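Values below: all heavy atoms of this structure, side chains included; hydrogens, waters and symmetry mates excluded. Everything numeric in this text was worked out from a predicted model, so none of it was measured.
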Amino acid sequence: MTLETAFQLVFAGGIVLAAATLAGAAVGRARRLAIILVAVLVGLLAVGAWVAFALEPGTELAVAGGGLTACLLAVLGALALRSGLAKAA
């Protein structure tokens, strides 16, 4: 398995994590700590992808790094969504 393929799979996992976190926050089932832990995990994965890109530049690694960064933003959005829904209730 190449480095690019590995980070493409990690990116796919990041999408699943971000979607599940957003869904959990939307229905009120995601705890704040769980969202923060997912954000830390996705953030570390994004940093890893960007470090890999810096060491071996390529389009595939750049897409994975950018995608994981977008996943991190989505997870942070879930944190804001949870907070907003809690204040509205």
Side-chain angles (χ1 to χ4, degrees):
M1 178 184 306
T2 65
L3 186 63
E4 290 83 2
T5 303
F7 273 107
Q8 288 171 351
L9 292 172
V10 169
F11 176 30
I15 292 171
V16 171
L17 279 174
T21 305
L22 277 168
V27 297
R29 295 204 180 243
R31 292 184 178 170
R32 184 175 189 271
L33 179 60
I35 297 172
I36 291 171
L37 290 175
V38 171
V40 168
L41 175 63
V42 174
L44 289 172
L45 293 172
V47 168
W50 284 117
V51 168
F53 172 75
L55 296 174
E56 189 178 321
T59 304
E60 294 87 2
L61 289 174
V63 169
L68 284 166
T69 303
C71 289
L72 174 60
L73 293 174
V75 172
L76 293 175
L79 190 60
L81 174 64
R82 182 191 179 282
S83 176
L85 289 175
K87 289 180 182 177

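- For G77 against L22, the heavy-atom pair with the smallest separation is C-CD2, 4.3 Å.
- With rounding to the nearest 0.5 Å, the separation of CG in L68 from CG in L73 is 11.0 Å.
- Here A25 pairs with I35, A78, L81, R82 under the side chain to side chain contact (heavy atoms under 4.5 Å, CB included) rule; sequence neighbours left out.
- Looking at residues two or more places apart in sequence or on another chain, you find a side chain to side chain contact (heavy atoms under 4.5 Å, CB included) between L44 and V40.
- By the side-chain hydrogen bond (donor to acceptor under 3.5 Å, both in side chains) test, T59 pairs with no residue at all, sequence neighbours left out.
- With sequence neighbours excluded, the residues satisfying side chain to side chain contact (heavy atoms under 4.5 Å, CB included) with A52 are L3, F7, L61.
- Members clustered with V47: V51, L55, by chain and number, using a 4.5 Å side-chain heavy-atom cutoff among hydrophobic residues.
- Of all the heavy atoms in A26 and L85, the pair that sits closest is O-CD1, 3.7 Å.
- Among pairs with a residue in residues 29-43, none fulfils side-chain hydrogen bond (donor to acceptor under 3.5 Å, both in side chains), at least two apart in sequence or across chains.
- A chain of hydrophobic side-chain contacts below 4.5 Å, direct or via other Ile, Leu, Val, Met, Phe, Trp or Tyr residues, connects I36 to L17.
- With side-chain heavy atoms closer than 4.5 Å counting as contact, directly or through intermediates, the hydrophobic cluster containing L33 also holds L37.
- The ring pair (Phe, Tyr, Trp, His ring centres under 6.0 Å) test applied to F11 returns no partner, not counting sequence neighbours.
- Legend: residues meeting side-chain hydrogen bond (donor to acceptor under 3.5 Å, both in side chains) with S83, ordered by chain and number and at least two apart, are absent.
- When all heavy atoms are compared, the tightest approach of A49 to A64 is CB-C, 4.3 Å.
- For E60, the side chain to side chain contact (heavy atoms under 4.5 Å, CB included) partners two or more places apart in sequence, or in a different chain, are E4, Q8.
- In terms of heavy atoms, A18 sits closest to A74 at CB-CB, 4.1 Å.
- The stretch residues 11-22 participates, sequence neighbours left out, in no side-chain hydrogen bond (donor to acceptor under 3.5 Å, both in side chains) pair at all.
- Note on residues 65-78: pairs passing side-chain hydrogen bond (donor to acceptor under 3.5 Å, both in side chains), not counting sequence neighbours, are W50-T69.
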